[in-house]
Amino acid sequence: MELYIFDGSLEGLLTAVFECYQRKSRVVKLVSEIHHVPDVFDAGFRVDSDREKGKRVWKGLCRKLGKEWQLRFYKSFLSEQPEAFQHLLNFARYIIDQPTGAWENFAHPDVLAISQTSQKVHREKHRMEAFIRFQKTADDIYYAHIEPDFDVLPLLPDHFQNRYADQRWIIYDLKRKYGLYYDLEKTEEIELDSAPQMSIVNALPSDLLDSQEALYTLLWQDYFKSTNIQARKNMRLHVRHVPRRYWKYLSEKQDQF
Amino acid sequence: MYERIREKLGILADAAKYDVSCSSSGSNRKNENKGIGDAEGTGICHTYTEDGRCVSLLKILLTNHCIFDCAFCVSRRSNDIKRAAFSVEEVVELTMNFYRRNYIEGLFLSSGIFKNADYTMERLVRIVKKLRQEERFNGYIHLKTIPGASDELLREAGLYADRMSINLEMPTENGLKLLAPEKSHAEVKKPLKYIQNNITQFESEKALIKSVPKFVPAGQSTQIVVGATAESDKEIMHTANAFYQNFSLKRVYYSGYIPISNDARLPVIGSQPPLIRENRLYQADWLMRFYGFKVQEILNDLHPNLEADVDPKLSWALRNLDQFPVDINTADYFMILRVPGIGVASALKIVQARKFGRLYENHLRKLGIAFRKARHFIRFADSPMLLKEYEAGHIKGIILSESKSKYQANPNNQLSLF
């Protein structure tokens, strides 16, 4: 078995796939730099991220995979999980070596892993589309911050710019310290100098907010209570759908803190 | 100054919550005018109430004043409750401000009947028209059809709404007559048919001329109240099935009756709503819509009611053991779909994966099927030898003893009406 160490980027991962063929490696263990624990007996092979090599591998994969599986590959990468990198490398080699259609082999451990990991990331993306709560600021920007389990921000622009085409908005990932800003024309990645902390209350200081903001937060909290049917109360089901770790985002759950 | 609007929202959301539909999917309204909102594709549940129901739409009544006196309805004329009414502007403001903050997918607007049907429907239409035309709102709108409203108003409403619905309320005409003598199923069928015909007509015109506007793109739905009157599950599901077929409904909703009245014709206040029964009815509905079951297979004169302790798919399998075991490696997709413990997604994966080689137990377990339940009904590459054939009661006993029913934890929720 050979040890490959890469820089954690998608380009690096695709380059690693390229090197497997270049170096005629058989079984390869792929580790990203931050997860790598140096070993005196095995220095491993350092993968040098290379745009051209990465591109060639991605093109090769795209020839074999449909749009849906290309996206699953990318989503699995965004999971940032060490096991996922290994599965992605194996999966890419398997797809390249087999005739088209091999992604349907759900009995193959790497195919199944990519299918399941991408599903997890997809679910987190969908949760962000549901649980993000914008607050309108005094300068007419709708602001929300989040701390998603996976790096799902790159998956969000389409959804939010299609929907909120006529308002400026910011979605900021406090964990990964970058965000998306839509300026009515396009969505760009931004970094804030002093990002607010994820407080237990998902709120900007009130002096930054639009004068109507408090009213609508209140009305939404009222609505959340009024639309509940007490005789059907079922907290187990409630928590399954709205796991506690997301409550900090939700204006309607702020009375829980 | 907040108090008046807060009170109105409290009253009119409270009165609207017994309408259980919350779907926001199935439309195809894109944001093409650089306006606000996008109702294309799948729905989103933005939160869930403490009773575990999805909150996708702002669900409110325009008013809870009503000229009718339906015994099962909280807004009935004779009920001594606070009444309120929103203005057109108030509904528009609430919808837009909730939507812009990503609280909701859109609006579900219903109303008590004040003065007469047309007067009420006209107000509802005015609101949705303002949302679409003045606010350029492309989010989801579910609009209630008011029974007895004129064809012209329904047609106009259909141009702005994504979905329209009108409730059967009771599963049979007799049940409805008992609790709401002023209403009938006939007056529900008439507008359902009218809108269905218009949907078909708009679609066929759209095939020829691209600029034909949308008309109720997410289709129609209805709701049946369960447990207020004495109908069997068979009567309920056969009614639902007939409405799916005759009116091309997208959904039938089943709403376990929540006692809200001291009327002697109804379950007393404080008795448990029939939640298990409601859940089983939805499972039966899914079997009809996604699993290729005919309603007669699930409910018939021999089996007029769904079982409380096992789901309807398992119940069907136990009654039809002659159709099992199913060989995972060779059986037809539709037969795999009928195995208890295997859902649509797993069934698809199975028929894809077996092209590459025979499937063993460890594959099936990892694929995500409920193996402990399914194993009684399937054969796979390394199936153990069957020493004897078990009979239905025995298999049911094993499955029940191995699984923790979600209902056992809440014995209070047992059926208490019959």
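Lettering follows sequence order; numbering is per chain, from 1.
Of the atoms belonging to B/Arg136, not a single heavy atom falls under 4.5 Å from chain A. Contacts of B/Tyr360 with chain A are absent, with no heavy-atom separation under 4.5 Å from either backbone or side chain. Looking at B/Leu58, the atoms closer than 4.5 Å to chain A (heavy atoms on both sides) sit in the backbone and in the side chain alike. Contact of B/Glu278 with chain A is made through the side chain alone, with heavy-atom distances under 4.5 Å. If you measure heavy-atom distances from A/Tyr142 to chain B, the contacts under 4.5 Å come from the side chain alone. For a residue to count as touching a neighbouring chain, one of its non-hydrogen atoms must lie under 4.5 Å from one of that chain's; by this rule B/Glu32 does not touch chain A. Contact annotation for B/Lys59: both backbone and side-chain heavy atoms come within less than 4.5 Å of a heavy atom of chain A. Proximity to chain A (any heavy atom under 4.5 Å) is shown, for B/Tyr103, by both the backbone and the side chain. Using a 4.5 Å cut-off between heavy atoms, B/His363 contacts chain A through its side chain alone, with no backbone atom that close. Only the side chain of A/Gln116 comes within contact range of chain B, with heavy atoms under 4.5 Å apart. Both the backbone and the side chain of B/Ile36 come within less than 4.5 Å of a heavy atom of chain A.
Here the side chains of B/Gln352 and A/Phe106 are in contact, with some heavy-atom distance below 4.5 Å. Using a 4.5 Å heavy-atom cutoff, the side chains of A/Gln212 and B/Asn97 are not in contact. Within the 4.5 Å cutoff, the side chain of A/Phe131 has no heavy atoms near those of the B/Asn102 side chain.
Without hydrogens or angle criteria, B/Lys17 side chain to A/Asn228 main chain gives a donor-acceptor distance under 3.5 Å. With hydrogens and angles ignored, the 3.5 Å screen pairs a side-chain donor or acceptor of A/His238 with a backbone N or O of B/Tyr48. No side-chain donor-acceptor contact under 3.5 Å links A/Glu252 to the backbone of B/Thr49.
Between B/Arg101 atom CZ and A/Ser251 atom OG the span is 9.5 Å, to the nearest 0.5 Å.
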Evaluate the criterion salt bridge (Lys or Arg N to Asp or Glu O under 4.0 Å) for residue pair A/Asp222 and B/Lys8; output intermediate values, then yes/no. CA-CA 11 Å; A/Asp222 287 351; B/Lys8 276 191 193 182; over 6 Å; no
List the steps and the verdict of side-chain contact (heavy atoms from CB on, under 4.5 Å) for B/Arg6 and A/Leu219. CA-CA 6 Å; B/Arg6 286 184 74 185; A/Leu219 287 173; 3.7 Å; yes
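Within a 6.0 Å radius of CZ in A/Arg26, other residues, nucleotides and ligands contribute 12 heavy atoms or fewer.
Salt bridge B/Glu105/A/Arg163: present, at least one basic N to carboxylate O contact under 4.0 Å. Salt bridge A/Lys225/B/Asp14: absent, no basic N to carboxylate O contact under 4.0 Å.
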